[in-house]
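Scope of the values below: all heavy atoms of this structure, side chains included, with no hydrogens, waters or symmetry mates. Numbered from 1 within each chain, the chains take letters A, B, ... in sequence-line order.
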There are 2 protein chains.
Amino acid sequence: MVSIKDVASQAGVSVATVSRVLNSKGYVSEDTRKKVEQAIAELNYKPNEVARSLFKKQSKTIGLIVPDITNPYFPELARAVEDTAAKLGYTVILCNSDGKTEKEQHYLDVLMQKYVDGIIVSSNTISERQIKSLQIPFVSIDREISKDIPTIVVENKKGAKLATQYLQNKGCMRIAHISGPLNVVNANERCEGYKEVVRNEQWFNESYIGNGHFEMDSAIEATLELLQLHPEIDGIFAANDTMAIGAIKAVHKIGKRTPDDIAIVGFDGISLSKATTPELTTIEQPIYEMGEKAASMLIEFIEEKPVEKTFYRLDVGLVERESS
Amino acid sequence: MVSIKDVASQAGVSVATVSRVLNSKGYVSEDTRKKVEQAIAELNYKPNEVARSLFKKQSKTIGLIVPDITNPYFPELARAVEDTAAKLGYTVILCNSDGKTEKEQHYLDVLMQKYVDGIIVSSNTISERQIKSLQIPFVSIDREISKDIPTIVVENKKGAKLATQYLQNKGCMRIAHISGPLNVVNANERCEGYKEVVRNEQWFNESYIGNGHFEMDSAIEATLELLQLHPEIDGIFAANDTMAIGAIKAVHKIGKRTPDDIAIVGFDGISLSKATTPELTTIEQPIYEMGEKAASMLIEFIEEKPVEKTFYRLDVGLVERESS
DNA sequence: TTGAAAGCGCTACCAT
DNA sequence: ATGGTAGCGCTTTCAA
């Protein structure tokens, strides 16, 4: 690799001068700048970012910790983060935590050692203390950890109400809910939204809520149980799209039809939801926008630019398709 | 951040000694090692990887360039790469190229500046010359660039033949193909495999091949055209799962049924293929294994360990589900 | 067995 | 306007 020294001698100047033209900082005469630029071009010189990082104590790199990039919600998020970071001159290190505290802590350590300039995390187990002790810019996405931590989330409760009311308006008389793990804030909020709508219905009781883990198999199982217990169910609101797809499968399995016998609504608006038959009616999150916002906010922190707001609760909307 | 100096003075030794215990290299008496380790623990010292990188000229980081992480094929691949890299002490920088040469070149430059130790790329546009000029370990995945470049691909042709023959065995009399972009090697191989099976059928001619771009909308369009031109088609082999899903939708749209009227087989085995109704019969690639292999091979190169083989063509298999 | 010091490539301060 | 040089945190000779 050609270094700044090579450029300096090639151009017949000192490394200090080369550094100046590199960073457009300090006085450089037009003439010498030309010479240096030519030398750079001739040698195809690219400054060594590692050396820069060591000196500047920042690396133009951010870390992104997600539970599992294989979960269809996260690729779009990751893409948005990467796009935005790249646009602003940053690079992103991807980490999969599987939602496990040890893995998260491990990655946090590794990222700190690599001098990343900031971190975006989607986690329910990480604590405010843990984050604060890092002492670097941080954004929590899709999960609310503390009002004190910059956060991007969506209107979970509102979305859940929207979904449930929509099902009511469609004429559903018995609406069940398949929840996510209730210790996860967003799953809990979605469940609350559902309950708020049906709580006062005379038919309602807690047995209309089945528990899933945000993935398909658990939802199939939950749906099957629900339908056995309450054959009169004619509408299901699932706490995410993957589970809604599981619900569709379960309904199909016992020979009923979607939406004719049972209408189904999901949550998230992952691209998968357009690929199923019937296409899924869902509460759409602005996933790309969330990633974009998280990255740009993080980088504003990093570059110490003024940040107007540090807590975003983005809006969601109903996308009506064929499953309802 | 606490540095090696802090540890040294805390332990009452020189930085050289601390470095020795850090790397278990050179002589250190049991006694002083204990002292140093204690100091490290007390101060919760973590060596600065950037400084290490600068000296060692390697960063324990690898780059992963994919066209688009949002394409359902790549998350699983990325996960495998990340898992394997993490296990071996490496970190991965994710880059989305959209298959564009400029973006690829840009990321290649950036990754070089960051001193990544190696790069894994999925690309059709990148050239052997480009790669060779990088002078760092490199693995091409899912795309064959040159016999000279370490590569992980699958038996595309064999898989395509498998799919087409299977459709024949299922009793299909007129089997169409929806190809990917034919300038992409794997799309071309899959098309060749299909042709090899049907070429000698009396009904066959090139108009049974529709062109898609490996994504859903193009496949819907292609299928609609194909079906209009040849209403007698009773089997479709799509060059990837996303397009197969598009085909299912198109078939559904014109009121025919899958698999009763038209059987459909895809290619890839992405997790999406299990989520559709009907579930997709497909030629399954060992995606995770490919990512795993790519990462471990790359790291073997990086660490200059002996590598037995540098070109893997992994096997594929038919997974029979409901769409056929 | 340990320490002093050079040097990885770069930036920024201080001279000139 | 330009150059010399210290120093970012670490590893690795070389000497002691």
* Report the C-alpha distance between B/Lys100 and B/Glu104 in whole Å, list the side-chain angles of each, state the deciding distance to 0.1 Å, and finish with yes or no for salt bridge (charged side-chain N to carboxylate O under 4.0 Å, His left out). => CA-CA 6 Å; B/Lys100 300 212 183 105; B/Glu104 278 168 3; over 6 Å; no
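Using a 4.0 Å cut-off, no side-chain N or O of B/Ser14 falls inside it from OP1 or OP2 of C/dT2. Distances shorter than 4.0 Å separate none of the side-chain N or O atoms of A/Ser3 from OP1 or OP2 on C/dG9.
Once you apply a 4.0 Å limit to the heavy atoms of chain A, the touched nucleotides of DNA chain D run 5' to 3' over D/dA1 to D/dG9.
Screening residues 81-96 of chain B for salt bridge (Lys or Arg N to Asp or Glu O under 4.0 Å), with sequence neighbours left out, gives B/Arg79-B/Asp83.
Taking CG of B/Leu314 as the reference point, atom CG of B/Asp142 lies at 11.5 Å (rounded to 0.5 Å). The structure places OG1 of B/Thr70 at 13.0 Å from CD of B/Glu215, a figure rounded to the nearest 0.5 Å.
Donor-acceptor pairing under 3.5 Å is recorded for the side chains of B/Thr61 and A/Lys114.
Using a distance-only test at 3.5 Å, with no hydrogens or angles considered, a donor-acceptor pair links the side chain of A/Ser53 to the main chain of A/Gln58.
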Donor-acceptor contacts under 3.5 Å from residues 8-22 of chain A side chains, at least two apart:
unit_1	atom_1	unit_2	atom_2	d
A/Ser9	OG	A/Lys5	O	3.4
A/Ser9	OG	A/Asp6	O	3.2
A/Gln10	NE2	A/Glu42	OE1	2.4
A/Ser14	OG	A/Ala16	N	3.3
A/Ser14	OG	A/Thr17	N	3.3
A/Ser14	OG	A/Thr17	OG1	3.3
A/Ser19	OG	A/Asn23	ND2	3.4

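One axis for each end of the helix from C/dT1-D/dA16 to C/dT16-D/dA1, each built from five base pairs, and the angle between them comes to 50° at 10° resolution.
Of the residues in residues 43-57 of chain B, those lying under 4.0 Å from DNA chain C by heavy-atom distance are B/Leu54, B/Phe55, B/Lys57. Applying a 4.0 Å cut-off to non-hydrogen atoms, the residues of residues 23-35 of chain B that approach DNA chain D are B/Asn23, B/Lys25, listed by residue number.
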